[in-house]
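Here the structure is laid out as structure tokens; the discussion comes afterwards.
Bear in mind that the values here come from a model prediction, so they are computed numbers and not experimental data. Order of listing sets the numbers, starting from 1, for every ligand and every atom in it.
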Amino acid sequence: MKITKICCIGAGYVGGPTMAVIAQKCPHIQVTVVDLNEERIAAWNDENVDNIPIYEPGLSEVVAVARGRNLFFSTDVEKAIDEAQIIFISVNTPTKTYGKGKGMAADLKYIELCARQIARISKDNKIVVEKSTLPVRTAEAIKSILDNTGNGVQFQILSNPEFLAEGTAVQDLLNPDRILIGGDPSDDGQKAIQALVDVYSNWVAADKIVTTNVWSSELSKLTANAFLAQRISSINAMSELCEKTGADVNEVARAIGMDSRIGSKFLKASVGFGGSCFQKDILNLVYIAKSYGLNEVADYWEQVIILNDHQKRRFSNNIVQTLYNTVSDKKITFLGWAFKKDTNDTRESAAIYVADDLINENAKIAVYDPKVSRKKVLADLDYLDTRAASKNETSILSFESPYEACAGAHAIAILTEWNEFVQYDWQKIYDSMQKPAFVFDGRNILDGPTLEAIGFVYQSIGS
Ligand code: UDX
Ligand code: ADP
């Protein structure tokens, strides 16, 4: 089948960048990204490409090339579904906040709505691709909805999980380690796989495109994220031991990372991993294991989350303890709020939980992040629903610049590893702070000895 029209439902952190790169690399394919959220679509269509709703290095350049040529953003979901031969589903699958599986299972209501809409609208055969991370065997549910509510047309369901990391999305899409496509072993299933392989072949080498059955593909995505998160919890567990013994976690990470069987990536101790994927996917894995009665498997993976929660709490406890067991009415400055550098995404960011703990202790917090507004900080805290919004409002301070954010503070906590923090004039910051001036480096990015020479009391994770 020659593919000329693709549609993607969901213009978020996955759908937006992925479709932009497909459009850039496949000028002969019309790519339409649709979303129910009118504000989001309007931002994607903003005349000034710097105002697109997602910040990713290099993304606005890709959008500038393809938008209006063969890349379109629209709220007309029905038209886009009707015209497309391949439909990507890239809607959010948050952890359920109610009912069975609450706090663990993925909430598939948005996926189901999409499937029902696709079934109702489609008048010819379609390939439906799961792009969102989904629990194993979701494809079966999608297929059942499509086959039982559709207009008698044929649907092929493929699983094509996205492995991009935020902050490096464009590079990851342009040079992926692998593209994974799972489909049905039948002839029609294999033809659908081939159609999608042909799209990626426009820029990805054949030996990097892996095809499997649907379930292997779905489970591989959960497994990849679980393994990556597990490495972070493993090094974070060692960071606590290092603090007690006088070992330095950075030295330990370097020493073990040189073992080619272990490898050097994802060994950076931190205040804890965040982001929309790791916690959600592991909880999902735990839920699936439990639902098959595999309690030891479930407990094994759950420990990765338990350790991550411990690491965040340990960081906030340490701030309180070090500041003489009280932070009440003290100003504490957060440098960074996003869950990692080079993104404006704050989902599950460790900063949210550290702030929550400190507000419980009546601290006043000035949050500076180059890509996150005070409004978003307040929305993230309100979403936790720990206390009245008015208390969050009075606890999160306003200011004009990062230097003003630090002035008068008792302590600075580094929550995100933005490059610009390293470049700051730390002498000037020291001079403007309460003494003793503390820095809690949750990302191990600052030069400790230099800060100590200025006069700071400097503490970093795991040393
Ligand atoms: C992750 C996976 O990497 C990606 O393949 C998948 O598609 C989606 O989930 P993402 O969440 O965007 O990507 O970012 P990632 O770079 O994996 O970082 C996740 C969290 O772990 C961040 O909070 C980051 O700061 C933290 N981290 C990462 C560490 O604390 N230490 C490390 O060594 C690496
Ligand atoms: P991700 O990080 O997985 O991309 P996001 O939350 O950034 O998640 O994006 C998911 C997008 O999907 C949101 O913009 C949301 O409005 C959109 N969405 C959810 N359900 C539907 C639907 N039924 N039709 C169209 N768009 C939807």
Q | Closest non-hydrogen atom pair between Ala195 and Ile127, with its separation | A | CB-CD1, 3.8 Å

Q.
Donor-acceptor check, side chain of Asn70 to backbone of Ile29, threshold 3.5 angstrom: yes or no?
A. yes

Can you sort out which atoms of ligand 1 are near [X], meaning under 4.0 Å from one of its heavy atoms?
X      : answer
Leu267 : 33 (O)
Lys340 : 14 (O), 15 (P), 16 (O), 25 (O)
Ser270 : 29 (C), 30 (O)
Cys277 : 8 (C), 9 (O)
Glu162 : 7 (O)

(Q) So, applying side-chain contact (heavy atoms from CB on, under 4.5 Å) with Ile81, which one of Ile87, Val34, Thr32 is it? (A) Ile87

Protein contact of [atom] - nearest heavy atom, named by residue and atom, plus distance:
atom                    : answer
atom 3 (O) of ligand 2  : Val14 CG2, 3.9 Å
atom 12 (O) of ligand 2 : Gly10 CA, 3.4 Å
atom 22 (C) of ligand 2 : Leu36 CD1, 3.4 Å
atom 18 (N) of ligand 2 : Val91 CG1, 3.6 Å
atom 19 (C) of ligand 2 : Asn92 OD1, 3.4 Å
atom 16 (O) of ligand 2 : Asp35 OD1, 2.6 Å

**Q.** ligand 2 versus Arg347: contacting region, heavy-atom distance under 4.0 Å
**A.** side chain

Q) At a non-hydrogen distance cut-off of under 4.0 Å, which region of Ser90 contacts ligand 2 (side chain, backbone, both, or neither)? A) backbone

Kindly identify the option in [options] whose heavy atom sits closest to [atom].
atom                    : options                        : value
atom 12 (O) of ligand 1 : Glu166, Lys280, Gln311         : Glu166
atom 17 (O) of ligand 1 : Phe163, Phe266, Phe273, Phe339 : Phe266
atom 3 (O) of ligand 1  : Leu228, Leu164, Asp177, Leu415 : Leu228
atom 26 (C) of ligand 1 : Ile232, Ile235, Asn308         : Ile232

Q | Atom indices of ligand 2 within 4.0 angstrom of Ile9 heavy atoms, with elements | A | 24 (N), 25 (C), 26 (N)

Q) Looking at Gly12, which atoms of ligand 2 are within less than 4.0 Å of one of its heavy atoms? A) 4 (O), 5 (P), 7 (O), 9 (O)

Q) Is it true that Lys312 and Asp309 have a side-chain N and a carboxylate O under 4.0 angstrom from each other? A) yes

Q. Should we count CZ of Arg69 as having more than 12 external heavy atoms under 6.0 Å?
A. yes

Q) Near Arg120 CZ, under 6.0 Å, is it more than 12 heavy atoms from other residues, nucleotides or ligands? A) yes

Q) Centroid-to-centroid, Phe227 to Trp301, below 6.0 Å? A) yes

Q: Go through the side-chain N and O atoms of Gln459 and Asn318 and say whether any donor and acceptor fall under 3.5 Å apart.
A: yes

Q) Side chain, backbone, both or neither: which part of Lys221 comes within less than 4.0 Å of ligand 1 when only heavy atoms are counted? A) side chain

